[in-house]
Amino acid sequence: MKTSSDYLQSLKQRGEKIACLTAYDASFAHWLVEAGVDVVLVGDSLGMVLQGQESTLPVTLDHMIYHAAAVARGAPEALRIIDMPYRSYTSKDQALANAQRLIGEGHGHIVKLEGGEQVLPIVEHLVNKGVPVCGHLGLLPQSIEELGGYKVQGRDDAGAAQIKQDALALESAGICALVLECVPASLAKAVTVSLRVPTIGIGAGVDCDGQVLVLYDMLGITAGKRPSFSKDFLADAGSVQAAIAAYVKAVKQLEFPTLKQSFS
């Protein structure tokens with residue numbers, strides 16, 4: 001079933017690239033599915049593109065539930081991953097209660113949380129309680145203050161080794177997929193090869209098992225500067241629907257990302 005986390009594994013096993021985009025409402029979610037998007041991510045990026053915040057940090061659990069439920073109504077047949085917002089998984093009990101709300105009230109299938117070794121006990125607890133979890137390594141938007149800004153991660157030997165170690169540890173803890181954000185393409189390739197679970201890249205090169213972009217970025221409608229790892233698919237498409245379809249085709253045929261949208 002497409003709404004099972006096993007669907008992602010099946011795509012990896014047969015070598016088909018996973019096309020993922022964010023959505024925050026029913027209408028866009030509907031058109032993502034119509035265009036053939038494999039996974040819809042209800043991202044806490046909504047804080048920036050919808051709410052006008054400077055980061056994802058002000059986004060609350062109630063915000064995520066509201067938008068996740070809207071997406072579920074627009075795309076009931078889609079596999080939906082829901083971000084757990086900032087400070088919503090600081091303890092095992094809190095994480096479980098909040099994840100259950102995202103799945104129960106938000107109608108999500110998988111929850112995504114950021115971090116490596118520090119979140120391993122949380123991941124293990126959620127998985128043991130039957131909650132599918134997607135990991136997230138590299139640039140961690142919820143830790144942007146600690147990272148000192150939106151910078152590529154894992155360029156030095158120590159940073160790369162830590163990401164590799166965290167990826168394997170997260171897989172052992174039970175994640176069903178891993179997002180790699182803003183890391184060198186060579187590092188993302190090495191991590192992807194080392195894991196059984198699929199990787200989904202954003203600014204992580206073409207060798208990940210799939211790609212994800214913020215919908216507003218790939219439509220060229222985000223206020224301000226678009227991330228360098230993104231591409232405006234609407235510019236040459238003529239319609240939102242055609243732009244989304246062009247993105248899916250480009251991901252599936254390994255035409256996106258190019259070296260221009262990758263880091264070394």
Side-chain angles (χ1 to χ4, degrees), residues 8 11-12 15-22 36-39 41 43 45 48-49 56 81 112 114 116 134-141 143-144 147-168 170-171 177-195 197-222 224-237 243-264:
L8 295 176
L11 291 176
K12 180 182 175 86
E16 180 178 347
K17 293 294 183 178
I18 301 164
C20 178
L21 283 170
T22 66
V37 168
D38 298 305
V39 183
L41 170 64
S45 50
M48 301 170 79
V49 299
T56 64
I81 300 177
K112 180 169 77 66
E114 299 179 5
C134 176
H136 186 147
L137 293 174
L139 176 62
L140 306 178
S143 301
I144 203 64
L147 295 174
Y150 295 94
K151 302 175 183 178
V152 178
Q153 303 295 307
R155 275 184 161 155
D156 63 300
D157 291 344
Q162 187 64 58
I163 288 173
K164 291 177 182 177
Q165 179 180 317
D166 284 343
L168 291 171
L170 285 168
E171 180 175 74
L178 177 66
V179 169
L180 293 171
E181 181 169 359
C182 289
V183 300
S186 58
L187 173 58
K189 181 178 181 179
V191 171
T192 298
V193 170
S194 72
L195 297 181
V197 299
T199 59
I200 300 175
I202 176 168
V206 73
D207 292 306
C208 293
D209 296 306
Q211 300 294 328
V212 63
L213 285 177
V214 171
L215 178 64
Y216 286 44
D217 290 345
M218 61 80 60
L219 292 177
I221 59 175
T222 300
K225 185 180 178 181
R226 190 179 71 243
S228 63
F229 54 75
S230 187
K231 177 183 175 180
D232 182 354
F233 282 86
L234 183 58
D236 299 319
I244 298 169
Y247 167 78
V248 172
K249 179 175 178 291
V251 170
K252 297 287 186 181
Q253 296 186 0
L254 279 71
E255 296 169 354
F256 178 84
T258 65
L259 291 177
K260 183 179 179 180
Q261 293 101 24
S262 304
F263 301 107
S264 58

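- By the 4.5 Å heavy-atom criterion applied to side chains, L168 and L195 are counted as neighbours.
- Taking the side chain as every heavy atom from C-beta outward, E114 and V179 never approach each other to under 4.5 Å.
- A donor-acceptor pair under 3.5 Å is formed between the side chain of Q211 and the backbone N or O of G205.
- Residues S45 and Y216 have side chains not in contact (no heavy-atom distance under 4.5 Å, counting atoms from C-beta outward).
- Considering only residues two or more places apart in sequence or on other chains, E181 meets the salt bridge (charged side-chain N to carboxylate O under 4.0 Å, His left out) condition with none of them.
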Test side chain to side chain contact (heavy atoms under 4.5 Å, CB included) applied to D232 and I221, step by step:
CA-CA 9 Å; D232 182 354; I221 59 175; over 6 Å; no

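- None of T199, D207, D209 except one satisfies the side chain to side chain donor-acceptor pair (under 3.5 Å) rule with T192; the exception is T199.
- For residues 251-264, the side chain to side chain donor-acceptor pair (under 3.5 Å) pairs, not counting sequence neighbours, are E16-K252, D38-K252, K249-Q253, T258-Q261.
- Without hydrogens or angle criteria, K17 side chain to C208 main chain gives a donor-acceptor distance under 3.5 Å.
- Although no hydrogens or angles enter the test, the distance criterion places no donor-acceptor pair under 3.5 Å between the side chain of Y247 and the main chain of L234.
- Residues T56 and M48 are in side-chain contact: their nearest non-hydrogen atoms beyond the backbone lie under 4.5 Å apart.
- Counting only residues at least two apart or in different chains, side chain to side chain donor-acceptor pair (under 3.5 Å) contacts with residues 154-163 comprise Q162-D166.
- Taking the side chain as every heavy atom from C-beta outward, S194 and E171 never approach each other to under 4.5 Å.
- By the neighbour-count criterion of 12 heavy atoms within 6.0 Å, atom NZ of K12 is densely surrounded, having more than that number from other residues, nucleotides or ligands.
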